[in-house]
Amino acid sequence: MSDRDVQKDLRIRSKVISEGSNRAPNRAMLRAVGLKDEDFQKPMVGVASTWSEVTPCNMHIRELAEEAKAGAKEAGGAPLIFNTITVSDGISMGHEGMRYSLPSREVIADSIETVVGAERLDAYVAIGGCDKNMPGCMIAIGRTEVPAVFVYGGTIRPGKLDGQDIDIVSAFEGVGQYNKGGIDRDHLHQIECHACPGAGSCGGMYTANTMASAIEAMGMSLPGSSSHPAETAEKRNDCRKAGQAVVQLLEKGIYPKDIMTRKAFENAITVVMALGGSTNAILHLLAMAHAIDVDLTMEDFERIRKRVPHIADLKPSGRYVMQDLYEAGGVPAVMKELLQAGLLHGDCLTVTGKTLAENLADAAPLKEGQQVIRPLEQPFRQTGPLVVLKGNLAPEGAVAKISGLKVTQLTGPAKVFDSEDDATEAILSDQVQAGDVVVIRYEGPKGGPGMPEMLSITGILVGKGLGEKVALITDGRFSGGSHGFVIGHVAPEAQVGGPIALLQDGDSITIDSKERLLHVDVSEEEWEARKRAWKERPLPVERGVLNKYARLVSSASRGAVTD
Ligand SMILES: CC(C)(O)[C@@H](O)C(=O)O
Ligand SMILES: [Mg+2]
């Protein structure tokens, strides 16, 4: 791009700072951070970095942010890096800390919106690593109404133990295997030491990789970037190019609302279904749609699921991890197949300034002989694996992931727990038997608060060999690493008096993923009596961010949003 082009005024917001005598003080501050006279003629481009030492997912993002900054500068912008927070789902899992995970999505969105708004940035690149970073950045992008590009920090590579690939979920399931006596302490320690061999987000088609793929499908990331692993030259290149791309979007006047359309969300859902992504995708895509005023509902997921085959042999239920998908050709190669089969809208605009179909025309196909992605004609299932269930237990809906499951229907007695801790204790001390339906309630967005992910407990069930023998239903949610007969996001949640609050031990619960049903068999009189007797509980946290969150947050069926 030539200097003349850049002087075509791209300062759609920053002009309020970079022009006029009365803004001398504002510019004085920016001169201290390195901006010069010529920079005040250029668009101010932010780089929202989620760099942090608290998790491998984000520990390399500082360097990536520098690349994006260099790219934006090369393209004629005046770039500035700013940070937002992250928390690690892997580290906060299974204890009090998990309550902060979903709220962190809002903190990330709010903090990016705050900096972009206050500093009058003209455009920005957002770079995210751990699960909540992706939707957090995208919610901000939806709200801020300036050109933006998202870059995923990239997947971790698989760990190696005794010649086998392992990852973080191996460690969670190892706890159940150890509890059952299947492995000894030393083996569990070996898993712990080898599961996470470097920088990058959890390796299977868990939440981070799911959301990264969805965002690329939506057109908000550069082609191929969602499957480029964290520690590769391609990943650094993605960031450099994202810095350049965002200035070009500003030039062309392409805004997030031009890309994040309803059809783009449909493309994202299609890719999530084909890859067998995390149940969290439903929550996060609903929240992202809300941020950009796209009317998306749980029923849209069901509608799309019915026409999209599940073709990826990816963890948690399959064999491979994101690095293997990258080596097989990556997300663009999968999208190429889906487009050819008429399953994607090719006319959607993307951050390259081209349509999805134009981008995919340049993409390489799946590698010859690869094992990760099946042909569309020979899928694992004819329909997508993320199922929305409804019934008298979940009038607003609940979410199950059925990939890898043989069982589709179970009727069993409820074992009701008012917290994940109590349920975990019961499972570890063998008080839960095959055929039981474990109910974990008061763990919803308001009741948790924060709708904790329950990978510890699902990992223990799988590790103990109960993954398909015991069903688990909750108003909380699951990790992308969770598998088994588990149903989350039950809405309305217990805290607001949803039907799940009225369950009692021994109630007969039916889960039917084919009929999409979540039903409890209790007489009407009895149910009415329980309703009358139910008393609202005070919010479990009285102050601070969790109290603010609990007061504001909407139902999981609407994405658990706070604005
Ligand atoms: C720890 C995990 C596996 O990253 C989880 O948080 C997820 O949702 O995928
Ligand atoms: Mg997670």
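In each ligand, atom 1 is the first atom listed, and ligand 1 is the first ligand listed.
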Open item on the list: Main chain of F150, side chain of S221: is a donor-acceptor contact present, judged purely on distance under 3.5 Å?
Closed with: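 Here the side-chain-to-backbone pair exists.
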Task: Candidate with minimal heavy-atom separation from atom 9 (O) of ligand 1, of T207, T279, N280 - done: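 Among T207, T279, N280, the closest heavy atom to atom 9 (O) of ligand 1 belongs to T207.
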Task: Cationic tip of R441 above F417 ring, under 6.0 Å, 45° of axis - done: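 No; the conditions do not both hold, so R441 does not lie above the ring face of F417.
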Open item on the list: Does ligand 1 come near enough to G480 that some N or O of the ligand is less than 3.5 Å from an N or O of the residue?
Closed with: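 Yes; the residue has a nitrogen or oxygen that sits under 3.5 Å from a nitrogen or oxygen of the ligand.
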Any side-chain donor near an acceptor of the partner, [X] and [Y], under 3.5 Å:
{"X": "S225", "Y": "D238", "answer": "no"}
{"X": "N58", "Y": "N133", "answer": "yes"}
{"X": "E327", "Y": "Q323", "answer": "yes"}
{"X": "H290", "Y": "D563", "answer": "yes"}
{"X": "K132", "Y": "T86", "answer": "no"}

- [ ] Check the angle between the aromatic planes of H310 and F380 and answer parallel, tilted or perpendicular using the 30° and 60° thresholds.
- [x]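 The arrangement is tilted - the two ring planes meet at 30° to 60°.
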Which ligand 1 atoms are under 4.0 Å away from a heavy-atom of [X]?
{"X": "G481", "answer": "9 (O)"}
{"X": "D131", "answer": "4 (O), 5 (C), 6 (O), 7 (C), 8 (O), 9 (O)"}
{"X": "E453", "answer": "5 (C), 6 (O), 7 (C), 8 (O)"}
{"X": "G90", "answer": "1 (C)"}
{"X": "D89", "answer": "6 (O)"}

Task: Residue, atom name and distance, where the atom is the protein heavy atom closest to atom 4 (O) of ligand 1 - done: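 Result: C202 SG, 3.2 Å.
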- [ ] Note the single closest protein heavy atom to atom 5 (C) of ligand 1, along with its residue, its atom name and the distance in Å.
- [x]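 Going atom by atom, the protein heavy atom closest to atom 5 (C) of ligand 1 ends up being S479 OG, 3.0 Å.
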Task: Where the Mg ion (ligand 2) is the vertex, angle from E453 OE2 to D131 OD2 to 10° - done: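 Vertex at the Mg ion (ligand 2): approximately 140°.
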Open item on the list: Nearest N/O/S atom of D89 with respect to the Mg ion (ligand 2), by atom name, please.
Closed with: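 This residue's closest N, O or S atom turns out to be OD2.
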